[in-house]
Number of protein chains: 2
Amino acid sequence: MKRSRPLKRKTKPVEPKRVEPDAVDPRSIDDDPVVQGILTAVSQKRLKPGAKLGEDKLASAFGTTRIHIRQALAHLASRKVVMQIPNRGAFVYRPSWEEAQDIFAARRVIEVAAVDAAVDRLDKSGKAALKAHMELEARHDRNDRWASLSLTAEFHILVAKLAGNRVLLDLSRELMLRTSLAIATFEQPGEPDCSPDAHPDIGALILARDKAGAIHAMRHHIEEMEQRIQPKEGADEVDELTAIFKEIGARSRAGA
Amino acid sequence: MKRSRPLKRKTKPVEPKRVEPDAVDPRSIDDDPVVQGILTAVSQKRLKPGAKLGEDKLASAFGTTRIHIRQALAHLASRKVVMQIPNRGAFVYRPSWEEAQDIFAARRVIEVAAVDAAVDRLDKSGKAALKAHMELEARHDRNDRWASLSLTAEFHILVAKLAGNRVLLDLSRELMLRTSLAIATFEQPGEPDCSPDAHPDIGALILARDKAGAIHAMRHHIEEMEQRIQPKEGADEVDELTAIFKEIGARSRAGA
DNA sequence: AACTGCCATACTGTTTACAATATATGCAGT
DNA sequence: ACTGCATATATTGTAAACAGTATGGCAGTT
């Protein structure tokens with residue numbers, strides 16, 4: 001319903017001001033120390049799903065302002081790493097069981113594609129990097145649980161890097177984080193995210209450029225992770241309650 | 001800093017407050033009208049890459065406050081739909097040529113997986129929805145360019161929905177947006193995002209549960225989009241300048 | 001006439017204070 | 001002793017004012 005505008009008013013696509021937004025240091029909020037801190041804390045399971053992230057606490061912990069914290073939390077909420085509830089605050093995201101399964105399925109898709117591309121693009125430096133990492137993982141101190149978690153995560157990151165696609169890499173990172181949250185929510189306590197034996201096999205298959213084998217191994221690896229989690233009925237007590245109430249058919253506002 | 005409370009000694013909460021963040025209306029910022037408005041404006045190419053998104057302008061346009069606008073822009077920046085440059089403001093994201101290719105590759109991966117799952121999960125209601133949409137697309141008014149863009153986008157969304165994976169659906173949405181930006185940045189002017197003839201074929205193959213054929217058709221469809229864009233040398237003039245300066249090795253802060 | 005440097009303006013980013021909401025505590029009542 | 005209500009506290013959300021930075025125009029100079 002555009003009104004008649006006989007003048008030369010431009011009601012067509014916006015191109016007022018040919019600005020030049022490029023060539024300026026586009027330092028993203030991803031590099032923010034608060035964001036990175038929370039991200040690594042989550043991936044290392046120092047922060048568990050459902051944990052409250054109070055603004056004042058974080059501000060004093062990081063020695064910064066509340067606004068800064070709010071920006072960081074908003075960013076993490078956009079990435080579904082934290083959940084923001086109006087007037088309640090921010091909490092570490094706790095995926096539902098269905099979402100957890102969807103996350104695993106999506107990660108399978110992404111990482112299989114990453115292996116596919118990685119095998120195709122594998123070159124000298126890629127092989128070197130992969131070998132170096134496998135060496136690290138073989139020698140690492142298994143008692144340092146947090147370093148272990150970082151290392152095993154790094155393997156998947158490295159594979160995504162070898163795929164040579166920055167967008168795919170970012171998606172991998174995102175889904176790994178959310179996978180970590182899914183596992184933390186539904187795991188049997190204490191187990192690592194990755195079964196420790198799978199990475200050498202996958203790495204070897206990639207190095208041998210056995211694409212079908214590497215893809216199969218990666219898919220199996222992720223499926224194995226997925227099978228290690230269970231619905232955990234008591235996880236979200238409140239959801240259970242609402243489920244019960246739904247069964248009964250009771251509503252708080254009876255008149256509505 | 002808790003004051004001395006010598007009364008009850010339940011001041012030993014090693015577990016930092018077992019809060020219950022669930023069961024509260026988690027209305028995301030995705031539903032925000034500002035976010036949705038900018039999103040649809042971008043997907044319909046009313047907003048072109050590089051367009052400035054001034055905070056005051058948007059605030060008065062949407063009849064809201066600057067704070068609200070800032071939150072929306074921050075969210076869109078997290079999703080790489082807008083680019084925020086310090087002290088300069090927010091602009092519609094303009095991907096580089098390399099990033100555009102990566103986006104297409106990632107979208108291929110996601111949408112092929114969506115087709116795969118959609119064929120597996122196809123049921124009565126899915127078939128009905130697909131047929132209904134194909135009917136719509138067949139009858140739609142090709143003169144209404146904006147409606148056309150929305151409809152063709154809706155086809156891909158529908159396929160992702162049929163896959164039955166919410167995470168995959170969100171990724172599809174995100175990559176479609178960014179694909180739209182990539183096309184808008186590097187297109188020959190005036191062409192639609194999707195070649196109009198491909199959707200009926202893909203839809204028919206899905207309805208026939210011809211998985212291999214549907215996957216092939218979808219992959220081909222996206223590759224065809226990809227081939228329609230070109231590097232556009234003069235796109236980022238400023239980057240060329242910085243490249244020159246990098247060659248020379250000059251830095252603005254010589255003393256540093 | 002073109003270029004450089006300066007100044008006015010507009011916009012973004014940050015700080016501050018305040019208001020609204022949820023949570024926790026204490027008290028009264030049954 | 002437990003339940004329900006009222007108050008108090010803590011935390012989040014919002015508004016307005018302020019400061020810092022980039023942009024555009026103007027004058028002065030070569």
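Bear in mind the structure is a predicted one, so any value in this text is a computation, not a measurement. Below, read A as the first sequence line, B as the second, and so on, with proteins coming before strands; counting in each chain starts at 1.
Residue A/L53 contributes atom CG, which lies 14 Å from atom C1' of D/dT12 at whole-angstrom precision. One interatomic measurement links the two molecules: CD1 of A/I85 to C1' of D/dT12, which rounds to 13 Å at whole-angstrom precision. For the pair A/I29 CD1 and C/dG13 C1', the interatomic distance rounds to 13 Å; values are reported in whole Å. Atom-to-atom, CD of B/Q71 to P of D/dT14 comes out at 6 Å; the value is rounded to the nearest Å. Between the NZ atom of A/K52 and the P atom of C/dA22 there is a distance of 12 Å, rounded to whole Å. Taking atom CD of A/Q84 as the reference point, atom P of D/dT11 lies 17 Å away to the nearest angstrom. D/dT12 atom P lies 9 Å from atom CZ of A/F91, rounded to whole Å.
Between A/E98 and B/R166, none of the side-chain N atoms (NZ, or NE/NH1/NH2) sits under 4.0 Å from a carboxylate O, so this pair counts as no salt bridge. With respect to the salt-bridge test (charged N to carboxylate O, under 4.0 angstrom), the residues A/E174 and A/K80 do not qualify. A salt bridge does not link A/D30 to A/R173: none of the charged side-chain nitrogens sits closer than 4.0 Å to a carboxylate oxygen. The pair A/R70-A/E55 meets the salt-bridge criterion, since a charged nitrogen lies less than 4.0 angstrom from a carboxylate oxygen. One finds a salt bridge joining B/K45 and B/E187 here, because a Lys/Arg side-chain nitrogen approaches an Asp/Glu carboxylate oxygen to under 4.0 Å.
Minimum atom distance to the side chain of B/D56 is reached by C/dT12, of the listed C/dT21, C/dT12, D/dT12. Across D/dT12, D/dA15, C/dC11, the shortest atom-to-atom separation from the side chain of B/K57 is found for C/dC11. The listed nucleotides are C/dT14, D/dT21, D/dT12; the one nearest the side chain of B/R70 is C/dT14. Among the nucleotides D/dG13, C/dC11, D/dA15, the one closest to any side-chain atom of A/R66 is D/dG13. Of the candidates C/dT14, C/dA22, D/dA22, the closest approach to any side-chain atom of B/N87 belongs to D/dA22. Among D/dA22, C/dT21, D/dA15, the nucleotide with an atom closest to any side-chain atom of B/I67 is D/dA15. Taking the side chain of B/R88 as heavy atoms from C-beta on, and the options D/dA15, D/dT11, D/dA22, the nearest nucleotide is D/dA22.
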